[in-house]
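Order of listing sets the numbers, starting from 1, for every ligand and every atom in it. The analysis underlying the following values was restricted to heavy atoms, covering all of them including side chains, and did not include hydrogens, waters or symmetry mates. These figures come from a predicted structure and were not determined experimentally.
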Amino acid sequence: MKALVTEQQIAERLPALAAEIATQWPRPERLVLVGPLKGCVIFMADLSRALWRVGVPHDMDFLRVSSYGAGTESTGVLRLESDLYHPVEGRDVLLVDDICDSGRTMDFVSRHVAAKGARAVRTAVLMDKPSRRALPFAVDHVGFTIPNAFVVGYGCDLAEGYRALPYVGIYEG
Ligand code: IMP
Ligand code: MG
């Protein structure tokens, strides 16, 4: 499959992204990285270690949101399938996901976490498709801004396939 973002590009971008987060958020309060399963896991695993290397300790937690359907278009109706394990009240939260597309997932999850009393909520995604927004949502920390294409790999799946592909490719059927 043709690479849109190569393994080397990801490996080079991660330390810079972690440094950016550390600089713009110098003293987070009991930081926790929160991601919607399962697309977030590959990026979170790498970002977590990159943050550790620049001296930003943190916990990790996960939730599960469904948007119905297994195709390449989400329906726009989100539902919380499984909640965080630990309370986030008073804590700083970095939401982490593979990709921000319509913005609905990040918007939904950030409202959810804020409603639980998080002290501050920021967002980080490996890839951003700003041209696809269904609602206005700005991601704070973006690895790569990409065009409107359906991508797979590095956590992004097509009906569960391709998640473990170590680079990001454009799915062309
Ligand atoms: P949003 O809610 O439309 O922003 O989409 C977010 C979710 O849709 C992401 O967490 C991904 O799981 C999925 N998604 C969006 N675009 C793609 C893509 O190009 N490939 C694979 N999954 C995608
Ligand atoms: Mg996802």
(Q) Hydrophobic clustering (ILVMFWY, side-chain heavy atoms < 4.5 Å, transitive) - are V34 and L78 grouped together? (A) yes

So which bit of [X] gets within less than 4.0 Å of ligand 1, heavy atoms only: side chain, backbone, both or neither?
X    : value
D157 : backbone
D97  : side chain
A149 : backbone
R132 : neither

Close-contact set for ligand 1 against [X] heavy atoms, below 4.0 Å:
X    : answer
C156 : 21 (C)
K129 : 16 (N), 17 (C), 18 (C), 19 (O)
R104 : 2 (O), 4 (O)
S102 : 1 (P), 2 (O), 3 (O), 4 (O)

Q | Winner among I99, N148, I146, D128 once heavy atoms are compared against atom 13 (C) of ligand 1 | A | I99

Counting N and O atoms only, with roles assigned by atom type, does the side chain of [X] sit under 3.5 Å from a partner on the main chain of [Y], one being a donor and the other an acceptor?
X    : Y    : value
D59  : V32  : no
D140 : T123 : yes
R132 : D101 : no

Q | Heavy atoms of other groups near Y162 OH, more than 12 under 6.0 Å | A | no

(Q) Can you tell me if Q8 has over 12 outside heavy atoms packed within less than 6.0 Å of its CD? (A) no

**Q.** Polar atom proximity, V151 to ligand 1 (N or O, under 3.5 Å)
**A.** yes

Q) Taking distance alone, with no angle check, do G103 and ligand 1 share an N/O pair under 3.5 Å? A) yes

Q: Output the distance between atom CD1 (I42) and atom CG (L47), rounded to the nearest 0.5 Å.
A: 13.0 Å

Q: State the OG-CG distance between S48 and L14, to the nearest 0.5 angstrom.
A: 11.0 Å

